[in-house]
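Residues take their numbers from the sequence shown, with the count starting at 1. What you see is a predicted model, and the numbers here were worked out from it, not measured in a lab.
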Amino acid sequence: MDDILKQIKIGEVSGIQFKERVLDRYDVGCELVAFSNSRGGKLVIGVKDKSGEINALSYSEVQETTNLLSDIASENVVPSILIEVDTIAVEDGSLVVATVKEGINKPYHDNKGIVWVKNGADKRKVFDNAELAEMMTGCGSFTPDEAGVKDATIHDLDADTIKTFLGNRFERVLAKKGLIGDAFNEASLDDVCTAIAKGHDCEKILRNLRFIRPDGTLTVAAMLLFGKYTQRWMPVMTAKCICFDGNSIGGNVFRDKVNDAEMEGNLLHQYNTIMNFFTRNLHHIQVGNEFNSIGKLEIPYSSLVEFTVNSLVHRSLNLKAPVRIFIFDNRVEIHSPGALPNGLTIDDIKAGTSMPRNIFLFNNAIYLLPYTGVGSGITRALSEYVNVTFFNNEKTQEFVITLWRGETNQVEYKSNQVSPKSNQVRTVSNQVGNEVDEISNQVEEGDTQLRCSDIQRIPLTKKQQDIINFCSVPRTAAEIMKRLGLSNQTKNRERYIISLVTAGYLQRTNPDNPTASNQKYKKISRQ
């Protein structure tokens with residue numbers, strides 16, 4: 001309860017709301033609905049929501065309010081919910097705290113049929129069917145990967161991909177029948193199906209595996225995994241890949257772009273197309289002193305694999321948006337539709353917690369795409385020491401992975417290259433004269449600057465580093481505070497923003513007018 005008293009001094013946030021008194025049953029019911037449809041929260045009675053001033057309840061008011069809150073949770077929330085009611089002793093009386101847990105039967109609505117969700121410290125109405133479906137998916141009452149694809153038939157599936165899938169899933173069975181290696185490659189899909197189950201053709205196998213529904217329609221999972229032209233049936237189940245010139249998504253110049261026709265196909269085809277996009281647009285770094293080696297990608301290939309598979313398999317199937325992959329000069333962004341499901345947090349996924357959003361798809365895509373299925377993907381990707389930040393945007397329903405290019409991922413290779421490069425320049429300079437001597441001096445000077453910047457750096461917390469990386473694109477104080485989940489107050493700005501400006505990690509876009517209304521903050525390049 002001490003946390004609540006501290007929060008009162010700061011102001012309302014998405015998980016804690018204030019009411020001076022319960023005067024409007026409907027309004028309070030809407031608050032309880034919004035908490036139930038979101039991550040839960042606490043409603044504190046006895047605090048003015050505009051000023052944070054405490055107006056304690058008397059003993060009789062506490063009894064009346066406790067009963068009234070229970071009635072509202074039962075009558076004004078549909079389906080009804082159970083709440084926990086506690087009191088906090090303060091000067092001149094008490095506060096009443098109603099704790100609402102995240103609902104397990106979403107979507108909840110008020111007694112007028114309106115669905116509410118939290119929107120920062122406020123709430124908003126929900127009208128979009130996709131958002132309602134997302135709530136139902138999170139509760140397990142709707143499984144979009146097992147929904148039907150209207151008018152699609154088995155003839156719309158790719159036989160070679162199905163064969164690959166069956167070969168991986170029934171590897172032991174097929175090995176006992178001698179269908180391995182060349183024998184498997186030469187066998188037809190019908191031969192493979194018969195070897196798996198005598199008398200079964202492809203359609204019967206797919207029915208038994210639940211890729212074909214009892215009414216004969218193909219499931220969404222079947223079309224995603226095996227479709228020849230998946231996007232003809234589900235246009236948004238694709239990926240958009242653009243390599244920009246510069247660091248802004250608003251730039252009108254790009255170096256490379258994957259056309260929609262190139263991306264058209266099932267998840268295996270999309271995965272291969274995305275990985276080809278990465279390998280042709282990211283830098284290859286020389287490893288050690290081996291001049292003729294093909295080198296390694298500046299961002300470890302294995303990490304890119306894990307993050308790409310994650311975006312394809314765990315994306316929301318309810319939201320009508322594609323996976324988006326952007327390469328900028330200083331970073332790579334992977335945007336996956338849908339915030340983290342089932343109450344997962346970023347710390348959870350870093351620790352290896354696995355709670356798949358699309359369980360049926362997840363359990364079957366493992367036989368086509370390179371992942372283990374035990375929740376170790378993110379952990380394994382992080383073990384490659386990539387400079388990565390995660391952003392779980394519940395407002396826009398998007399999960400964003402940002403991989404930072406350059407120094408953090410290349411420092412080991414850069415340190416191996418600076419000295420040989422400097423020596424090479426000096427060697428050339430001896431042959432061609434003073435002009436190249438000048439270039440050699442520039443290289444040596446750059447080497448010295450690199451070492452000095454490393455020495456001057458002070459240890460940063462993960463939160464500070466995240467703010468600095470976030471400000472690679474100029475950000476307002478409000479945007480930074482929102483990312484941190486804090487109110488945009490002076491003391492928070494001084495602690496998290498101004499301190500980094502003073503330390504030389506951030507700079508103002510309008511330094512001559514620090515209090516300008518359009519003031520933004522951006523990362524200071526340390527090259």
Does Tyr229 have more than 12 heavy atoms from other residues, nucleotides or ligands lying within 6.0 Å of its OH?
no
Any side-chain heavy atom of Phe244 sitting closer than 4.5 Å to one from Arg255?
no
Closest heavy-atom pair, Glu75 versus Asn111, reported as atoms and distance to 0.1 Å, is O-CB, 4.1 Å
Return yes if some donor-acceptor pair links the side-chain N/O of Asn310 with the main-chain N/O of Glu306 below 3.5 Å, else return no.
no
Salt bridge check, Arg483 against Glu479: does any charged N sit closer than 4.0 Å to a carboxylate O?
no
Could you tell me whether a side-chain N or O of Asn392 sits under 3.5 Å from a main-chain N or O of Leu340, the two making a donor and an acceptor?
yes
When you look at CZ of Arg280, are more than 12 heavy atoms from neighbouring residues, nucleotides or ligands closer to it than 6.0 Å?
yes
For Ile299 and Leu297, run side chain to side chain contact (heavy atoms under 4.5 Å, CB included): C-alpha distance rounded to whole Å, both residues' side-chain angles, the deciding distance at 0.1 Å, then the answer.
CA-CA 5 Å; Ile299 299 173; Leu297 279 181; 5.5 Å; no
Apply ring-ring contact (aromatic ring centres under 6.0 Å, His included) to residues Phe211 and Phe360 and explain how you reach the verdict.
CA-CA 9 Å; Phe211 287 112; Phe360 184 68; 5.3 Å; yes
Does His269 reach the main-chain N or O of Glu262 with its side chain, forming a donor-acceptor pair under 3.5 Å?
yes
Using modelled atom types only, decide if a donor and an acceptor are shared between the side chain of Glu298 and the backbone of His283 within a distance under 3.5 Å.
yes
Crowding at CD1, Ile114 (>12 non-hydrogen neighbours, <6.0 Å):
yes
Between Asp348 and Thr345, do the side chains contain an N or O donor and an N or O acceptor separated by less than 3.5 Å?
yes
Can you check whether Trp404 reaches Thr389 side chain to side chain, under 4.5 Å on heavy atoms?
yes
Pi-cation contact, Phe170 with Lys176 (under 6.0 Å, within 45°):
no
If you apply the rule side chain to side chain contact (heavy atoms under 4.5 Å, CB included), what do you find for Val126 with Asn37, and how did you get there?
CA-CA 10 Å; Val126 176; Asn37 283 329; over 6 Å; no
Output yes when Arg357 and Glu134 qualify as a salt bridge under the 4.0 Å nitrogen-oxygen rule, no when they do not.
yes
Are the side chains of Lys101 and Leu82 in contact, using a 4.5 Å heavy-atom criterion?
no
Output, in order, the C-alpha distance, side-chain angles, deciding distance and verdict of salt bridge (Lys or Arg N to Asp or Glu O under 4.0 Å) for Asp27 and Lys123.
CA-CA 11 Å; Asp27 179 58; Lys123 60 184 180 296; 3.8 Å; yes
Using a 3.5 Å distance criterion without hydrogens, assess whether the side chain of Arg232 forms a donor-acceptor pair with backbone atoms of Glu264.
no
Just do the side chain to side chain contact (heavy atoms under 4.5 Å, CB included) check on Val305 and Tyr371 with the steps written out, would you?
CA-CA 9 Å; Val305 168; Tyr371 68 96; over 6 Å; no
Given 3.5 Å as the limit, does a donor-acceptor pair link the side chain of Glu84 with the main chain of Ala98, or not?
no
Thinking salt bridges, do Lys118 and Glu31 make one under a 4.0 Å N-O criterion?
yes
Is any side-chain heavy atom of Pro144 closer than 4.5 Å to a side-chain heavy atom of Val220?
no
So how far is it from Ser80 OG to Leu32 CG, rounded to the nearest 0.5 Å?
11.5 Å
Give a yes or no on whether the ring-centroid distance for Tyr496 and Tyr521 is below 6.0 angstrom.
no
Is Lys350 positioned over the aromatic face of Phe390, cation under 6.0 angstrom from the ring centre and no more than 45 degrees off axis?
no
Ile325 side chain near Val258 side chain, heavy-atom distance below 4.5 Å:
no
Can you tell me how far the CG atom of Asp156 sits from the CG atom of Asp158, to the nearest 0.5 Å?
11.5 Å
For a quick test of reading the model, state the closest non-hydrogen atom pair linking Ile212 to Thr219 and the distance between them.
N-CG2, 4.5 Å
Tell me the closest heavy-atom pair linking Thr379 and Ala351, and the distance in Å.
OG1-C, 4.0 Å
Going from CG on Leu218 to NE2 on His155, what distance comes out if it is rounded to the nearest 0.5 angstrom?
10.0 Å
Distance-only side-chain donor-acceptor flag, Thr217 / Asp215, under 3.5 Å
yes
If you define the side chain from C-beta out and look only at heavy atoms, does anything of Asp191 sit under 4.5 Å from Glu186?
no
Taking all heavy atoms of Cys193 and all of Leu166, pick out the closest pair and write down the distance.
SG-CD1, 3.9 Å
For Ala121, does its backbone N or O pair with a side-chain atom of Gln17 as donor and acceptor, under 3.5 Å?
yes
Do Lys395 and Arg124 come close enough that some side-chain heavy atom pair is under 4.5 Å?
no
Give me the atom names and distance for the closest heavy-atom approach of His284 to Thr279.
CE1-O, 3.2 Å
Pro79 versus Pro107, closest heavy-atom pair with distance:
CD-O, 4.4 Å
To the nearest 0.5 Å, what is the distance between CD1 (Ile81) and OH (Tyr108)?
7.0 Å
Output yes when Arg324 and Glu333 qualify as a salt bridge under the 4.0 Å nitrogen-oxygen rule, no when they do not.
no
Do the non-hydrogen side-chain atoms of Val117 and Glu131 ever get within less than 4.5 Å of each other?
yes
Step-by-step side chain to side chain contact (heavy atoms under 4.5 Å, CB included) determination, Leu225 to Leu361
CA-CA 8 Å; Leu225 293 175; Leu361 177 64; 3.8 Å; yes
For Asn185, is the CG atom crowded, meaning more than 12 foreign heavy atoms sit under 6.0 Å from it?
yes
Between Lys163 and Phe184 (side chain of the first, backbone of the second, donor and acceptor by atom type, cut-off under 3.5 Å), is there such a pair?
yes
Give, for atom OG of Ser36 and atom NE2 of His109, the distance between the pair rounded to the nearest 0.5 Å.
12.0 Å
Okay, side chain of Ser74, backbone of Asp71: is any donor-acceptor separation there less than 3.5 Å?
no
Residues passing the salt bridge (charged side-chain N to carboxylate O under 4.0 Å, His left out) test with Arg315, sequence neighbours excluded, are none
Of Ile349, Ile334, Leu344, Asn393, which is the lone residue that meets side chain to side chain contact (heavy atoms under 4.5 Å, CB included) with Phe399?
Ile349
Please confirm whether the backbone N or O of Asp329 pairs with a side-chain atom of Asn247, one donor and one acceptor, at under 3.5 Å?
yes
CD1 (Ile83) and CD1 (Ile72) are apart, to the nearest 0.5 Å, by 8.0 Å
